[in-house]
Amino acid sequence: GFRHSLLRFLPALEELETRSLFLWPVLARRVLWVSLVGLALYFAFPFFAGRLGVEAYRNVFSIFLPSFVFLAASQYLVIGLNAGFRQREVFIGSLVLQTTSVTGIVIGINLEQGLAFFAAVQLTANAVYLLFNLTVSVYYLGAPKWESLKAGHTESPDQRQYRRTSFVDDIGNSFLSADINRFVVAAFSTTPQVAVYSVAASIV
């Protein structure tokens with residue numbers, strides 16, 4: 001729910017230092033949380049890979065996991081930049097991400113590379129994107145301070161209520177999305193059934 005909470009409350013903080021004290025502790029804890037979930041998924045891979053038929057792609061999965069952590073960190077930084085009215089930098093960052101990604105994909109196609117190469121392209125693109133967003137955020141929003149990272153952000157009752165209801169909304173939307181439903185069907189059904197469901201979901 002912090003993604004919505006930052007957008008809701010960060011713009012109301014006029015002082016740069018106050019914004020920094022709000023953003024960086026939230027970012028650090030969210031990235032730590034996503035990293036721990038990524039590690040759990042990595043070690044749990046043998047248990048769910050067989051059910052989904054992806055046993056042969058552990059190396060690709062391993063490359064994608066840090067890529068997702070980088071992307072999650074960038075998403076929080078983009079929220080901070082948007083709240084600080086730095087939409088120009090957000091747009092430039094998107095261009096950097098897309099240019100790096102498309103360039104790598106074109107190179108991979110011409111060299112007839114395998115899936116692991118394209119996963120590495122995604123990882124590289126997200127790493128470059130994160131580096132850009134970190135640099136711009138430090139410049140415009142202020143650098144994080146170790147003391148503030150240890151102290152964390154103390155929420156008001158209004159902020160806590162807003163964050164928790166936003167979290168429920170996010171979870172609900174995720175499990176009602178076509179992709180999640182398709183994954184659930186894939187775990188218990190045959191490939192033709194999943195294909196039929198995908199077409200039906202698209203039509204609906």
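Sequence positions, counted from 1, serve as the residue numbers for this chain.
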Does Thr165 use its side chain to pair, donor to acceptor, with the backbone of Tyr162 at less than 3.5 Å?
-> yes

CG-CD distance between Leu130 and Gln75, expressed to the nearest 0.5 angstrom = 11.0 Å

Rounded to the nearest 0.5 Å, what separation is found between the CG atom of Leu81 and the CD atom of Gln87?
-> 9.0 Å

Kindly compute the distance separating CG (Leu27) from OG (Ser74), expressed to the nearest 0.5 Å.
-> 9.0 Å

Point-to-point distance, once rounded to the nearest 0.5 Å, from CD1 of Ile63 to CZ of Arg58 | 13.0 Å

Please check if Val106 and Leu123 belong to a single hydrophobic cluster, counting links between Ile, Leu, Val, Met, Phe, Trp and Tyr side chain heavy atoms closer than 4.5 Å.
-> no

Any chain of hydrophobic side-chain contacts (each under 4.5 Å) joining Leu32 to Leu23?
-> no

Value rounded to 0.5 Å, distance of CG in Leu65 from CZ in Phe70 = 11.5 Å

Nearest heavy-atom neighbours spanning Glu89 and Phe132 | O-CE2, 3.4 Å

For the student: nearest non-hydrogen atoms of Gly104 and Phe117, plus distance = O-CE2, 3.5 Å

Asn126, Val121, Thr124 screened by side-chain contact (heavy atoms from CB on, under 4.5 Å) with Ser67, the one that passes | Asn126

Can you tell which of Tyr42, Phe43, Phe45 makes a ring pair (Phe, Tyr, Trp, His ring centres under 6.0 Å) with Phe61?
-> Phe45

To the nearest 0.5 Å, atom CD1 of Ile79 lies from atom CG of Asn133 at 11.0 Å

Are Tyr129 and Val34 in one and the same hydrophobic cluster, where Ile, Leu, Val, Met, Phe, Trp and Tyr link if side-chain heavy atoms are under 4.5 Å apart?
-> yes

Verify same cluster id: Leu131, Val138 (apolar side-chain graph, 4.5 Å) = no

Does the cation-pi check pass for Arg30 over Tyr76, that is, NZ or CZ under 6.0 Å from the six-membered ring centre and within 45° of its axis?
-> no

Considering all heavy atoms, the nearest Ala125-Thr100 contact | CA-CG2, 3.7 Å

Test item: Ser137 and Trp24 side chains (from C-beta on) under 4.5 Å apart, heavy atoms | yes

Flag yes if more than 12 heavy atoms outside Tyr139 fall under 6.0 Å of its OH atom; otherwise flag no.
-> no

If you group Ile, Leu, Val, Met, Phe, Trp and Tyr by side-chain heavy-atom gaps below 4.5 Å, do Ile107 and Leu97 land in one group?
-> no

Take atom CZ of Phe68 as the centre, draw a 6.0 Å sphere, and report whether it contains more than 12 heavy atoms from other residues, nucleotides or ligands.
-> no

What do you reckon, is CZ of Phe167 surrounded by more than 12 foreign heavy atoms closer than 6.0 Å?
-> no

Quick one: are Leu115 and Tyr57 in side-chain contact, heavy atoms under 4.5 Å?
-> yes

Side-chain heavy atoms of Ser35 within contact of Val31, under 4.5 Å = yes

